[in-house]
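Okay, structure first, notes after.
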Amino acid sequence: MPSNLHQRFARLRFTQLEMLCALADAGSMRAAAERLHVSAAAVSKALREMEASLGFPLFERHPRGMVPTPRGERLITHARRLLNEMEGAVKDVGTVRGAR
């Protein structure tokens, strides 16, 4: 992977990955915003910033909703995997007894 793309990916946050998954599942900014308990404007701004940072669109906007681009689909697949791994880590660490 080119180093500049690597650097752009390294700046992604888990909240952004959650937003991507919510958008993919919900199919619209409004519905994703409701799931995330934020405004549609906040989701729109976050997506624009993410796409600008990465340098490519993640979703195609249509009058009746949004559809992930091919790159968006791939990133969403990886985002789901990372979020699942993080959930597993939280559960695992939470079961450790006597740790400080």
Side-chain angles (χ1 to χ4, degrees):
M1 173 172 17
S3 66
N4 64 345
L5 187 57
H6 183 272
Q7 291 169 349
R8 289 181 275 166
F9 268 77
R11 283 182 241 152
L12 292 176
R13 297 182 309 271
F14 277 95
T15 54
Q16 292 172 307
L17 301 178
E18 289 171 332
M19 182 215 43
L20 275 180
C21 294
L23 276 168
D25 294 341
S28 75
M29 299 247 187
R30 182 193 52 76
E34 287 176 9
R35 288 181 182 203
L36 298 170
H37 305 290
V38 298
S39 70
V43 172
S44 178
K45 180 181 177 188
L47 179 60
R48 280 194 317 272
E49 288 173 351
M50 217 174 144
E51 290 176 327
S53 175
L54 292 172
F56 51 83
L58 298 169
F59 286 87
E60 295 174 5
R61 281 81 163 164
H62 299 286
R64 295 197 173 257
M66 304 174 67
V67 177
T69 63
R71 281 182 162 175
E73 278 286 349
R74 286 192 175 184
L75 183 54
I76 290 162
T77 297
H78 291 287
R80 290 187 199 285
R81 189 174 304 129
L82 288 168
L83 292 169
N84 285 334
E85 286 293 323
M86 180 57 77
E87 185 177 326
V90 168
K91 287 178 183 176
D92 182 50
V93 170
T95 62
V96 176
R97 301 274 184 227
R100 293 183 188 190

Does CZ belonging to R61 count more than 12 external heavy atoms closer than 6.0 Å? yes
Show, in sequence, the C-alpha distance, side-chain angles and deciding distance for R81 and E85, and conclude whether the salt bridge (charged side-chain N to carboxylate O under 4.0 Å, His left out) test is met. CA-CA 6 Å; R81 189 174 304 129; E85 286 293 323; over 6 Å; no
Show the nearest heavy-atom pair for residues M66 and F59, with the distance to one decimal. CE-CB, 3.5 Å
Spatial distance of atom CG (L20) from atom NE2 (H78) [nearest 0.5 Å]: 12.5 Å
What pairs meet the side chain to side chain donor-acceptor pair (under 3.5 Å) rule with one or both residues in residues 14-23, with sequence neighbours excluded? none
Distance-minimising heavy-atom pair for I76 and A24: CD1-CB, 3.6 Å
Residues at least two apart in sequence or cross-chain that pass salt bridge (charged side-chain N to carboxylate O under 4.0 Å, His left out) with E60, listed by chain then number, are none
Roughly how far apart are E34 CD and S28 OG, rounded to 0.5 Å? 7.5 Å
Heavy-atom closest pair (C21 atom, L83 atom, distance to 0.1 Å) is SG-CD1, 3.9 Å
dist L58:CG -> R74:CZ (nearest 0.5 Å) comes out at 13.5 Å
Shortest non-hydrogen contact between A46 and M19, atoms and distance: CB-SD, 3.7 Å
Sub-3.5 Å donor-acceptor pair from the side chain of S53 to the main-chain atoms of E49, do we have one? no
Under a 4.5 Å side-chain heavy-atom rule over Ile, Leu, Val, Met, Phe, Trp and Tyr, are M50 and V67 clustered together? no
Quick one: are L47 and M29 in side-chain contact, heavy atoms under 4.5 Å? yes
For the residue pair A26 and A32, what are the closest heavy atoms and their distance? CB-N, 3.6 Å
